Chemist: 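Once you've had a glance at the structure underneath, I'll fire off some questions.
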Amino acid sequence: MADSLTAPPVLSGNYAFFFDLDGTLAGIKPHPDEVVIPDTVLENLQQLSRMSEGALALISGRSMAELDVLASPYHFPLAGVHGAERRDIHDQLHVVSLPETLIQSLHSYLTSALASLPGTELEAKGMAFALHYRRAPHHEAAIFAIARHLADSHPQLALQPGKCVVEIKPDGINKGAAIAAFMAEPPFTGRTPVFFGDDLTDEAGFTVVNQAGGISVKVGPGETIATWRLGSVASVWQWISDVANQQQQQIAQHNGRNHYGSLNRRL
């Protein structure tokens, strides 16, 4: 889609909400540990979750443990590591794993390989590995060469490029598959999906949402198959606030009418 995409409407209806985290709900930082979601944004997400009967999930390349810390004190359905691990509305876990011997072998190889590339960082996620080069962009070609070598050597692995990162993960795992899995389960089933994301890793999610006739929203610039666009993380925060506040107002109005009607009946 062209960069002329417009902002999504403020929604009211039977929707299921999915949000990426880094670059969508929080600004991207030099180091992942520096990222924070403001309390007001979390409160509005919780309000949106209540209004949609719990049909709101975070979909991220981060682990679910990290997502829980960032979303604290709230407890949402999650898809971590691009969907390799998922927690549904009933707290049931769905995890795709790799053989432990392969994980150990990959970890040893990557630790050694990245040690010769100062400024790069290896993030081990259990069943996946993220190779970060945000602080050393001149090592991009070397990072991709390392990742491609491992993917070519192990058919069960696939690469997932992102913003100054490439991830090595189990093949067939992506955010689109995670969203599809949620949409097959209550309370998501029967709702129209809405997904916000900013990165290449989110395009698979946009594909699934578009196929379902939902609303896909690209955050920031760049080519995308999303059908709507917001310019920044702050714009996402404002959109969430607008939707949450609108729904609160509608509930208040509905309750007010019900109260007035019951008063008339008593009279």
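Treat the numbers as computed from the prediction; the structure is a model and nothing was measured. Quick note: residue numbers are just sequence positions, from 1.
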Chemist: Which pair of non-hydrogen atoms, one from Ile59 and one from Phe195, has the smallest distance, and what is that distance?
Modeler: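 Shortest heavy-atom contact: CB-CE1, 4.3 Å.
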
Chemist: Do Phe19 and Ile240 touch side chain to side chain, with heavy atoms closer than 4.5 Å?
Modeler: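 Contact flag for Phe19/Ile240 side chains = yes.
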
Chemist: Just by distance, no angles: are the side chains of Glu85 and Ser63 close enough, under 3.5 Å, to form a donor-acceptor pair?
Modeler: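 There is no such pair between these side chains.
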
Chemist: How far does CG of Leu98 sit from CD of Gln156, to the nearest 0.5 angstrom?
Modeler: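 It is 6.5 Å, given to the nearest 0.5 Å.
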
Chemist: Does the pair Thr6 and Arg229 meet the rule for a side chain to side chain contact (heavy atoms under 4.5 Å, CB included), with working shown?
Modeler: CA-CA 6 Å; Thr6 56; Arg229 188 187 303 276; over 6 Å; no

Chemist: Closer than 4.0 angstrom, basic N to acidic O: yes or no for Glu185 and Arg86?
Modeler: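 Looking at Glu185 and Arg86, the cut-off is met.
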
Chemist: Could you walk me through whether Ile28 and Val35 pass the side chain to side chain contact (heavy atoms under 4.5 Å, CB included) check?
Modeler: CA-CA 7 Å; Ile28 293 177; Val35 170; over 6 Å; no

Chemist: Hey, what's the ring geometry for Phe188 with Phe18, parallel, tilted or perpendicular (30° and 60° as the breaks)?
Modeler: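 Taking Phe18 first and then Phe188, their aromatic rings lie parallel (interplane angle under 30°).
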
Chemist: For Leu122 and His107, work out which heavy atoms get closest and say how close.
Modeler: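 Distance-wise, the nearest heavy atoms are CD2-O, 4.3 Å.
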
Chemist: Is there side-chain contact between Ile173 and Val81, with at least one heavy-atom pair below 4.5 Å?
Modeler: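 Of all side-chain heavy-atom pairs linking Val81 with Ile173, none is under 4.5 Å.
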
Chemist: Is it true that Asp202 and Lys175 make a salt bridge, defined as a side-chain N closer than 4.0 Å to a carboxylate O?
Modeler: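 Judged by the 4.0 Å cut-off on N to carboxylate O distance, Asp202 and Lys175 do form a salt bridge.
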
Chemist: Does any N or O in the side chain of Trp237 come within less than 3.5 Å of the main-chain N or O of Ala26, such that one atom is a donor and the other an acceptor?
Modeler: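 Looks like no, no N/O pair under 3.5 Å.
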
Chemist: What's the verdict on side chain to side chain contact (heavy atoms under 4.5 Å, CB included) for His139 and Leu114, showing C-alpha distance, side-chain angles and the deciding distance?
Modeler: CA-CA 10 Å; His139 286 316; Leu114 267 63; over 6 Å; no

Chemist: Working to the nearest 0.5 angstrom, can you tell me the gap between Leu67 CG and Ser72 OG?
Modeler: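 These two atoms lie 12.5 Å from each other.
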
Chemist: Could you measure the distance from the CD1 atom of Ile146 to the CG atom of Leu117? Nearest 0.5 Å is fine.
Modeler: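 It is 5.0 Å, given to the nearest 0.5 Å.
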
Chemist: Do Ile143 and Val165 have side chains that get closer than 4.5 Å, going by heavy atoms?
Modeler: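 The answer is no, as the side chains (C-beta and beyond) never meet within the 4.5 Å cut-off.
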
Chemist: Charged N to carboxylate O under 4.0 angstrom, Arg135 versus Glu121?
Modeler: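 Salt bridge present between Arg135 and Glu121.
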
Chemist: Is a donor from one side chain sitting under 3.5 angstrom from an acceptor on the other, for His82 and Gln160?
Modeler: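 The criterion, which ignores hydrogens and geometry beyond distance, is not satisfied for Gln160 and His82.
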
Chemist: Return yes when atom CG of Asp152 has more than 12 non-hydrogen atoms of other residues, nucleotides or ligands closer than 6.0 Å, and no otherwise.
Modeler: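 Atom CG in Asp152 is crowded, with more than 12 foreign heavy atoms closer than 6.0 Å.
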
Chemist: How close do Pro77 and Ile89 get, heavy atom to heavy atom, and via which atoms?
Modeler: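 Scanning both residues completely, I find the closest heavy atoms to be CG-CD1, 3.8 Å.
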
Chemist: Is it true that a side-chain atom of Thr24 and a backbone atom of Leu21 form a donor plus acceptor pair closer than 3.5 Å?
Modeler: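 Absent.
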
Chemist: Between Glu66 and Glu123, is there a side-chain heavy-atom distance shorter than 4.5 Å?
Modeler: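 Yes; the side chains approach each other to less than 4.5 Å.
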
Chemist: I'd like to know whether the aromatic ring centres of Tyr109 and His149 sit less than 6.0 Å apart in this structure.
Modeler: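 Yes, the ring centres sit under 6.0 Å apart.
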
Chemist: Do Asp198 and Lys163 meet the salt-bridge criterion of a basic N to acidic O distance under 4.0 Å?
Modeler: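 Looking at Lys163 and Asp198, the cut-off is met.
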
Chemist: We want to know whether Asn44 and Thr40 form a side-chain donor-acceptor pair, criterion being a heavy-atom distance below 3.5 angstrom.
Modeler: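 Side chains of Asn44 and Thr40: no pair found under 3.5 Å.
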
Chemist: According to a 4.5 Å side-chain heavy-atom criterion applied to Ile, Leu, Val, Met, Phe, Trp and Tyr, with indirect links allowed, do Phe129 and Met64 form part of one hydrophobic cluster?
Modeler: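 No, it is not one cluster - the side chains of Phe129 and Met64 are not joined through contacts under 4.5 Å.
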
Chemist: Quick check on the hydrophobic clustering: are Leu93 and Leu78 connected, directly or via other members, by side-chain heavy-atom contacts under 4.5 Å?
Modeler: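 Linked, Leu93 and Leu78 end up in one cluster.
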
Chemist: Identify the residue among Thr227, Ile225, Thr224 that makes a side-chain contact (heavy atoms from CB on, under 4.5 Å) with Lys218.
Modeler: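 By the side-chain contact (heavy atoms from CB on, under 4.5 Å) criterion, Lys218 pairs with just one of Thr227, Ile225, Thr224: Thr224.
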
Chemist: Please test Val209 against Thr192 for side chain to side chain contact (heavy atoms under 4.5 Å, CB included), starting from the C-alpha separation and ending with a verdict.
Modeler: CA-CA 8 Å; Val209 169; Thr192 300; over 6 Å; no

Chemist: Does a salt bridge link Arg87 with Asp68, judged by any charged N lying under 4.0 Å from a carboxylate O?
Modeler: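 Asp68 and Arg87: salt-bridged.
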
Chemist: What closest approach, in Å, do Tyr133 and Val166 show between heavy atoms, and which atom pair accounts for it?
Modeler: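 Closest approach of Tyr133 to Val166, heavy atoms only: CE2-N, 4.4 Å.
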
Chemist: Check the side chains of Asp242 and Gln246 for a donor-acceptor pair under 3.5 angstrom, ignoring hydrogens and angles.
Modeler: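 No, Asp242 and Gln246 have no side-chain donor paired with an acceptor closer than 3.5 Å.
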
Chemist: Restricting to non-hydrogen atoms, name the atom on Ile179 and the atom on Gly205 that form the minimum distance, rounded to 0.1 Å.
Modeler: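 For Ile179 versus Gly205, the nearest heavy atoms are CD1-CA, 3.9 Å.
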
Chemist: Locate the shortest heavy-atom distance separating Ala79 from Ala178; write the atom from each residue and the value.
Modeler: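 Nearest pair, atom of Ala79 first, then Ala178: CB-CB, 3.8 Å.
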
Chemist: Find the distance between CZ (Phe17) and CZ (Phe196) and round it off to the nearest 0.5 Å.
Modeler: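 So the gap between those two atoms works out to 8.0 Å.
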
Chemist: Are Leu150 and Met127 linked, directly or through other ILVMFWY residues, by side chains that come within less than 4.5 angstrom of each other?
Modeler: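 No, no single cluster joins them.
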
Chemist: So, do His154 and Leu106 sit near enough that their side-chain heavy atoms are less than 4.5 Å apart?
Modeler: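 Yes; the side chains approach each other to less than 4.5 Å.
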
Chemist: If we ignore hydrogens and angles and just use 3.5 Å, is the side chain of Ser49 paired with the main-chain N or O of Leu56 as donor and acceptor?
Modeler: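 The answer is no, because no donor-acceptor pair under 3.5 Å joins these two groups.
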
Chemist: For the side chain of Arg191 and the backbone of Ser52, is there at least one donor-acceptor N/O pair under 3.5 Å apart?
Modeler: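 Between the backbone of Ser52 and the side chain of Arg191 there is a qualifying donor-acceptor contact (under 3.5 Å).
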
Chemist: May I ask you to test the Glu167-Lys125 pair for a side-chain heavy-atom distance under 4.5 Å?
Modeler: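 Yes - at least one pair of side-chain heavy atoms lies under 4.5 Å apart.
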
Chemist: Please check if any side-chain donor atom of Asp20 sits under 3.5 Å from a side-chain acceptor atom of Ser60, or the reverse.
Modeler: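 Side chains of Asp20 and Ser60: no pair found under 3.5 Å.
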
Chemist: What distance do Leu25 atom CG and Leu45 atom CG have between them, rounded to the nearest 0.5 Å?
Modeler: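 Between Leu25 CG and Leu45 CG, I get 5.5 Å after rounding to 0.5 Å.
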
Chemist: Same cluster for Leu102 and Leu131 if Ile/Leu/Val/Met/Phe/Trp/Tyr side chains link at under 4.5 Å?
Modeler: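 Hydrophobic grouping puts Leu102 with Leu131.
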
Chemist: Under a 3.5 Å threshold, yes or no: a donor from one side chain and an acceptor from the other, between Ser108 and Ser105?
Modeler: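 Side-chain D/A pair, Ser108 to Ser105: absent.
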
Chemist: Does the side chain of Asp88 come within less than 4.5 Å of His94's, by heavy atoms?
Modeler: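 Yes, at least one pair of side-chain atoms sits under 4.5 Å.
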
Chemist: Hey, can you tell me if Tyr74 and Phe76 have their rings parallel, tilted or perpendicular (30° and 60° cut-offs)?
Modeler: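 Geometry flag for Phe76 against Tyr74: tilted rings.
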
Chemist: Tell me, do Met183 and Thr189 make a side-chain contact under 4.5 Å, heavy atoms counted?
Modeler: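 SC-SC contact between Met183 and Thr189 ruled out.
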
Chemist: How long is the straight-line distance from OG of Ser216 back to CD of Gln211, given to the nearest 0.5 Å?
Modeler: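 Those atoms lie 11.0 Å apart.
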
